[in-house]
Amino acid sequence: MVRKMEEDQQDIKNILDRVVQHATQFFDELDFRPASVNPNRDLYDGLPIEGHGALQVLEQFQSTYSKQLSGSVGPRYLGFVTGGTTPASMAGDWLVSLYDQNVTGLEDSAAGLMEIETISMLRELFHLPVEFSGAFVSGATMANFVGLAQARQWVAHQYAKDISQEGLYNVPPIQVVSGAPHSSIYKSLSMLGMGRKSVHLIPCLPNREAVDIDKLQKFLEENKNKPCIIVANAGTVNTVDYDDLHAIGQLKDKYSFWFHIDAAFGGFAACSKKYRHLVEGMDQADSITIDAHKWLNVPYDSAMQFSKHKPLQVEVFQNHAAYLGNAIEHPEFIHLTPENSRRFRALPAWFTLKAYGRTGYQELVESNAYLAELLTQKIQESETFMLLAPTKLNVVCFTLAMRDKPMTFEDIKRFLERLNQEGHVFMTPTIYQGIPGIRAAFSNWRTKGEDVERIWNALCGVDQFM
Ligand SMILES: *Cc1c(COP(=O)(O)O)cnc(C)c1O
């Protein structure tokens with residue numbers, strides 16, 4: 001008998017009520033919660049022999065552990081590119097756990113069809129043509145992995161080989177060509193057995209993170225007989241720079257390569273008429289990565305991989321077993337991504353897209369870009385800070401103005417430690433063109449003009465101690 005679990009089930013209404021109370025209190029306090037915390041490592045007390053039951057555990061969580069969690073869902077967490085959680089997406093996310101579907105195919109539930117509908121809404125949101133199919137994965141790193149896995153299979157086909165059957169052994173080394181790739185590209189290539197060193201960097205334009213198209217073309221010309229993979233970047237993490245996607249697409253007429261775009265958060269430029277030109281040519285890609293847990297503002301564990309080559313994808317990821325009964329005339333999710341069993345990841349995205357629509361996301365993107373511009377103006381007018389690059393969209397890349405000597409990475413880290421410790425804001429360091437700096441990434445629907453004031457005061461407050 002599963003006694004404790006049955007007791008809890010008897011009490012489920014009470015348990016859920018308490019969770020709702022906890023959530024309500026969390027939202028009430030979110031504005032005052034520190035953006036980040038330095039966790040206490042002595043909290044952890046191990047596995048109980050006799051469990052405590054859900055209510056008591058909730059109490060324990062509430063009174064100690066929850067206070068050690070960051071305010072990353074709040075308006076002034078500007079580290080990495082973190083994104084928030086819209087109310088509708090949170091409702092959807094809770095329901096994912098309630099229904100606990102395993103979205104491997106289309107047979108036993110509408111969940112798979114809802115994933116297809118969600119992908120279709122996202123295609124509309126990003127103005128992508130219907131040739132793209134798509135599936136949810138856990139994040140942009142996995143979406144890049146899925147894109148590159150198909151690319152690898154495609155390159156092998158050019159040599160009349162099948163990597164999915166024979167491995168990499170009989171295929172010449174594959175070059176992955178890019179201007180300013182995200183670190184997850186290297187990680188994916190390591191996982192794919194192609195190796196981090198398969199990246200061939202092409203110089204970027206002066207003072208930019210966008211690839212120099214002439215130099216890219218020169219490379220392609222010199223390697224005409226070697227099919228390769230181009231990883232184009234649509235929104236780099238430091239300066240939100242974009243490769244000229246249209247120009248890269250045009251090169252496909254002359255050269256043989258797979259065109260992957262990492263548009264983890266930059267793809268959202270497509271939501272706004274004002275910024276859509278940045279992703280012009282995205283439709284020409286073979287595969288595209290876009291994160292949902294960043295600018296779509298759904299909870300973590302959500303990204304989309306789009307592809308024009310579903311059959312290749314199936315070659316790589318198909319999974320057969322008699323007990324699964326899954327013939328692949330209609331290959332669905334189990335045959336498309338690294339996972340077999342899959343959470344109903346589409347549901348939070350489905351909720352938020354239905355709840356806020358195209359206009360909601362246009363407003364979110366434009367509002368975040370406006371806030372980044374506000375902070376940019378303050379930096380431009382200040383003597384304490386200086387921009388490292390013009391602000392293109394939603395990330396402000398800046399540093400402390402030089403005093404008697406140039407700032408070191410240690411100086412920046414010390415500054416950020418003080419800043420983040422105050423709890424008003426959380427920002428992360430970077431190095432841009434050899435200069436240590438700070439990134440402030442706006443990607444949360446909650447952030448407002450008054451937050452930029454608080455952020456600015458916090459920045460100026462720390463400076464007095466430096
Ligand atoms: C965040 C990011 C990634 C990795 O995304 P995860 O969701 O953390 O796996 C990849 N590429 C770019 C451009 C990103 O901004």
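Since the model is a prediction, treat every value here as computed from it, not as a measurement.
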- Verdict with reasoning, Met191 to Phe145, per side-chain contact (heavy atoms from CB on, under 4.5 Å): CA-CA 8 Å; Met191 292 193 284; Phe145 176 87; 3.7 Å; yes
- Task: In plain terms, say whether Arg123 and Asp283 are close enough for a salt bridge, that is, a side-chain N and a carboxylate O under 4.0 Å apart.
- Result: no
- Query: How far does CG of Asn223 sit from SG of Cys228, to the nearest 0.5 angstrom?
  - Reply: 7.0 Å
- Message: Has Tyr242 got a side-chain atom pairing as donor or acceptor with Ala263's backbone, closer than 3.5 angstrom?
- Response: no
- Query: So, Arg414 and Asp411, do they make that salt bridge, N to O below 4.0 Å?
  - Reply: yes
- To the nearest 0.5 Å, what is the distance between OH (Tyr432) and CG (Leu387)? 11.0 Å
- Query: Quick check: does any side chain N or O of Arg76 sit under 3.5 Å from a backbone N or O of His424, one acting as donor and the other as acceptor?
  - Reply: yes
- Query: Would Thr104 and Asn102 count as a side chain to side chain donor-acceptor pair (under 3.5 Å) if you check the C-alpha gap in whole Å, the side-chain angles of each, and the deciding distance to 0.1 Å?
  - Reply: CA-CA 6 Å; Thr104 56; Asn102 184 0; 4.9 Å; no
- Query: Mind checking whether Tyr255 and Glu221 have side chains closer than 4.5 Å, heavy atoms only?
  - Reply: yes
- Give me the ring orientation class for Phe385 and Phe398: parallel if the planes are under 30° apart, tilted from 30 to 60°, perpendicular past 60°. perpendicular
- Is the Phe259 ring parallel, tilted or perpendicular to the Phe257 ring (thresholds 30°, 60°)? perpendicular
- Item | Pair Asn319-Asn340, side chain to side chain donor-acceptor pair (under 3.5 Å): steps then yes or no | CA-CA 8 Å; Asn319 182 84; Asn340 281 344; 3.1 Å; yes
- Query: Sub-3.5 Å donor-acceptor pair from the side chain of Asn238 to the main-chain atoms of Thr430, do we have one?
  - Reply: no
- Got Tyr186 and Leu189 here, is their nearest side-chain heavy-atom distance under 4.5 Å? no
- Query: So, does Thr118 use its side chain to make a donor-acceptor pair with the main chain of Ala349 at under 3.5 Å?
  - Reply: no
- Query: Between Phe351 and Thr86, does a side-chain contact (heavy atoms from CB on, under 4.5 Å) hold up when you go through it step by step?
  - Reply: CA-CA 9 Å; Phe351 261 78; Thr86 65; over 6 Å; no
- Atom CD in Glu366, atom OG1 in Thr359: separation rounded to 0.5 Å? 10.0 Å
- Have Ser443 and Asn368 got a donor and an acceptor in their side chains that come within less than 3.5 Å? no
- Message: Any heavy-atom pair between the side chains of Ile290 and Ile288 that's under 4.5 Å?
- Response: yes
Residues 126-143, side-chain donor-acceptor partners within the protein, below 3.5 Å, at least two apart:
| from | atom 1 | to | atom 2 | distance (Å) |
| --- | --- | --- | --- | --- |
| His127 | NE2 | Arg276 | NH2 | 3.4 |
| His127 | NE2 | Arg358 | NH1 | 3.4 |
| Ser133 | OG | Ser307 | O | 3.4 |

- Message: Side chains of Ile230 and Trp258, heavy atoms from C-beta outward: is any pair under 4.5 Å?
- Response: no
- Query: Among Leu278, Asn394, Thr391, which one satisfies side chain to side chain contact (heavy atoms under 4.5 Å, CB included) with Val240?
  - Reply: Asn394
- Task: Given side-chain contact (heavy atoms from CB on, under 4.5 Å), test Val237 with Phe265 step by step and report yes or no.
- Result: CA-CA 9 Å; Val237 289; Phe265 68 97; 4.1 Å; yes
- Residue pair Val176 / His260, side-chain heavy-atom distance below 4.5 Å: no
- Message: salt bridge (charged side-chain N to carboxylate O under 4.0 Å, His left out), that's the test. Do Glu339 and Arg345 meet it? Break it down for me.
- Response: CA-CA 12 Å; Glu339 299 148 309; Arg345 263 187 204 116; 2.8 Å; yes
- Query: Looking at Ile185 and Val231, what are the two nearest heavy atoms and their distance?
  - Reply: CD1-CG1, 3.8 Å
- Message: Which residue in the set Lys310, Lys308, Lys252, Arg152 passes salt bridge (charged side-chain N to carboxylate O under 4.0 Å, His left out) when paired with Asp286?
- Response: Lys252
- Task: Calculate, to the nearest 0.5 Å, the distance between atoms CG and OG belonging to Leu220 and Ser256 respectively.
- Result: 9.5 Å
- Going from NE2 on His335 to CD on Gln313, what distance comes out if it is rounded to the nearest 0.5 angstrom? 12.0 Å
- Query: Does any N or O in the side chain of Ser272 come within less than 3.5 Å of the main-chain N or O of Ala269, such that one atom is a donor and the other an acceptor?
  - Reply: no
- For Leu106, side-chain contact (heavy atoms from CB on, under 4.5 Å) partners two or more places apart: Leu113, Ile116, Glu332, Phe333
- Go through the steps for Thr236 and Asp241 under the test side chain to side chain donor-acceptor pair (under 3.5 Å), then give the verdict. CA-CA 5 Å; Thr236 55; Asp241 212 341; 5.7 Å; no
- Polar side-chain atom of Ser89 near backbone of Pro348 as donor-acceptor pair, under 3.5 Å: no
- Trp445 side-chain N/O to Thr85 backbone N/O, donor-acceptor pair under 3.5 Å: yes
- Query: For the side chain of Ser36 and the backbone of Ser70, is there at least one donor-acceptor N/O pair under 3.5 Å apart?
  - Reply: no
- Message: Could you check whether atom NZ of Lys226 has more than 12 heavy atoms from other residues, nucleotides or ligands sitting under 6.0 Å from it?
- Response: no
- Give a yes or no answer on whether the side chain of Arg439 reaches the backbone of Phe80 with a donor-acceptor pair at less than 3.5 Å. yes
- Tell me, with the steps shown, if Arg342 and Glu115 meet salt bridge (charged side-chain N to carboxylate O under 4.0 Å, His left out). CA-CA 11 Å; Arg342 301 165 73 243; Glu115 179 158 345; 2.7 Å; yes
- Residues forming a side-chain contact (heavy atoms from CB on, under 4.5 Å) with Lys161, sequence neighbours excluded: Ala156, Tyr159, Glu166, Asn170, Val171
- Task: Indicate yes or no: at least one non-hydrogen side-chain atom of Val395 is less than 4.5 angstrom from one of Leu78.
- Result: no
- Message: Check this for me: Asp31, atom CG, are more than 12 non-hydrogen atoms of other residues, nucleotides or ligands nearer than 6.0 Å?
- Response: yes
- Item | Asp243 (side chain) donor-acceptor with Asn233 (main chain) under 3.5 angstrom | yes
- Query: Does any donor atom in the side chain of His157 or Glu315 lie under 3.5 Å from an acceptor atom in the other side chain?
  - Reply: yes
- Output, in order, the C-alpha distance, side-chain angles, deciding distance and verdict of side chain to side chain donor-acceptor pair (under 3.5 Å) for Glu209 and Thr239. CA-CA 7 Å; Glu209 289 183 303; Thr239 65; 2.5 Å; yes
- Query: Can you list the steps and then say if Lys218 with Asp214 is a side-chain contact (heavy atoms from CB on, under 4.5 Å)?
  - Reply: CA-CA 6 Å; Lys218 187 158 167 270; Asp214 291 340; over 6 Å; no
- Task: Indicate yes or no: does Glu453 engage Lys448 in a salt bridge with an N to O separation below 4.0 Å.
- Result: no
- Does the side chain of Tyr275 come within less than 4.5 Å of Leu393's, by heavy atoms? yes
- Is any side-chain heavy atom of Val37 less than 4.5 Å from a side-chain heavy atom of Pro34? yes
- Separation between NE2 (His293) and CG (Asp301), nearest 0.5 Å, reads 8.0 Å
